[in-house]
Amino acid sequence: MSADLQWLLVRKWNSFQVKGGNGPSFSKEKGNLLNKHSHKYSGLANSKVINIYANPEGGITVTKVKADAKPNQVASARTHVNLRKSTGPRRANKIAAAETAGKGYRADLRKVAVARASALSRAATRTANPPKSYPTKQRGPNAKKATSASKKEDDVIELD
């Protein structure tokens, strides 16, 4: 069945579609890099699908369907590239670009794949090294007033 015919069949009725009021429609399916409900990004209607997601160990996994995949052999039809948590963001972006456009797979998804890999690598480093928060310093005349008020409070002796 052609990709266009599949899209015509699933575009209005599928369980992954998320509609929200008057705004755009989104999609939760695997293989949809932008999570946008459209034919270009659909993981259901296209034969060449690439999926980039975070794995449980904190790394990134790139999965794509082989071009000569047989419909009855689902597990062997996919190739996985696992990137460790220690893989840098530039290397992750390079691998995402190579898996999409570099090998002639889906050149139209290169920019979106690199953006998703970059976001996942940023999120992994953010959870591993949370930013430190420092108290804000007051400067100028307000700082002098605050320090003199705190000294006055320290000078008070309470008797029981």
Side-chain angles (χ1 to χ4, degrees), residues 1-140:
M1 191 175 345
S2 71
D4 292 329
L5 180 60
Q6 285 179 352
W7 175 247
L8 288 174
L9 294 174
V10 301
R11 76 180 163 143
K12 290 189 179 180
W13 302 281
N14 68 50
S15 61
F16 301 108
Q17 191 173 0
V18 179
K19 293 181 180 178
N22 296 329
S25 295
F26 296 105
S27 183
K28 300 186 292 187
E29 68 212 31
K30 290 184 178 180
N32 191 331
L33 292 175
L34 207 55
N35 293 338
K36 186 177 179 182
H37 184 67
S38 70
H39 178 53
K40 178 180 179 178
Y41 302 112
S42 176
L44 299 173
N46 292 313
S47 59
K48 293 182 176 180
V49 178
I50 186 164
N51 191 14
I52 300 174
Y53 58 95
N55 58 22
E57 294 85 33
I60 300 172
T61 303
V62 179
T63 304
K64 64 182 191 176
V65 178
K66 295 178 184 174
D68 56 345
K70 296 176 182 160
N72 61 343
Q73 297 176 344
V74 178
S76 63
R78 288 168 170 58
T79 59
H80 303 280
V81 176
N82 292 318
L83 306 175
R84 291 186 297 255
K85 189 176 183 177
S86 61
T87 303
R90 296 182 89 178
R91 181 166 169 73
N93 293 348
K94 183 178 179 184
I95 291 171
E99 290 294 322
T100 53
K103 296 181 180 177
Y105 193 69
R106 288 276 306 265
D108 59 330
L109 296 179
R110 177 187 178 143
K111 189 175 181 180
V112 178
V114 169
R116 188 167 181 109
S118 176
L120 287 172
S121 63
R122 258 187 284 126
T125 57
R126 195 176 314 128
T127 56
N129 302 322
K132 296 179 183 177
S133 61
Y134 297 104
T136 57
K137 291 184 179 179
Q138 290 185 345
R139 301 183 186 279

Judged by atom type as modelled, is there a donor-acceptor pair below 3.5 Å linking the side chain of [X] to the main-chain atoms of [Y]?
X: Arg110; Y: Ala101; answer: no
X: Ser121; Y: Ala117; answer: yes
X: Asn46; Y: Val49; answer: no
X: Asp4; Y: Leu8; answer: no

Flag the pair [X] / [Y] as yes when at least one side-chain heavy-atom distance between them is below 4.5 Å, and no otherwise.
X: Ser25; Y: Gln17; answer: yes
X: Ile50; Y: Arg106; answer: no
X: Val10; Y: Phe16; answer: no
X: Ser42; Y: Glu29; answer: yes

Atom pair [atom1] ([X]) and [atom2] ([Y]), whose distance is rounded to the nearest 0.5 Å:
X: Leu109; Y: Lys40; atom1: CG; atom2: NZ; value: 6.5 Å
X: Thr61; Y: Asn55; atom1: OG1; atom2: CG; value: 3.5 Å
X: Gln6; Y: Leu9; atom1: CD; atom2: CG; value: 8.0 Å

Next item on the list: Start with the C-alpha distance between Val112 and Arg116, add both sets of side-chain angles, then the distance that settles side-chain contact (heavy atoms from CB on, under 4.5 Å), and finish with yes or no.
Entry: CA-CA 6 Å; Val112 178; Arg116 188 167 181 109; 5.6 Å; no

For Ile52 versus Ala96, what's the shortest heavy-atom pair and its separation?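 The answer is CD1-CB, 4.2 Å.
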
Report task. For Gln73 and Ala77, work out which heavy atoms get closest and say how close. Result ->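 Looking at all heavy atoms of both residues, the closest pair is O-CB, 3.2 Å.
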
Query raised in the report: Within a reach of under 6.0 Å around CG of Asn72, are more than 12 heavy atoms found that belong to other residues, nucleotides or ligands?
Result: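 Enclosed.
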
Problem - Ring centre gap for His37 and Trp7 strictly below 6.0 Å - result: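 Yes, close enough.
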
Practice task
Go through Thr87 and Ile60 one step at a time and tell me if the side-chain contact (heavy atoms from CB on, under 4.5 Å) criterion holds.
Solution key: CA-CA 9 Å; Thr87 303; Ile60 300 172; over 6 Å; no

Please walk me through it: do Asn32 and Phe26 pass side-chain contact (heavy atoms from CB on, under 4.5 Å)? CA-CA 10 Å; Asn32 191 331; Phe26 296 105; over 6 Å; no

Taking the six-membered ring of Tyr105, is NZ or CZ of Lys48 closer than 6.0 Å to its centre and within 45° of its axis?
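Yes.
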
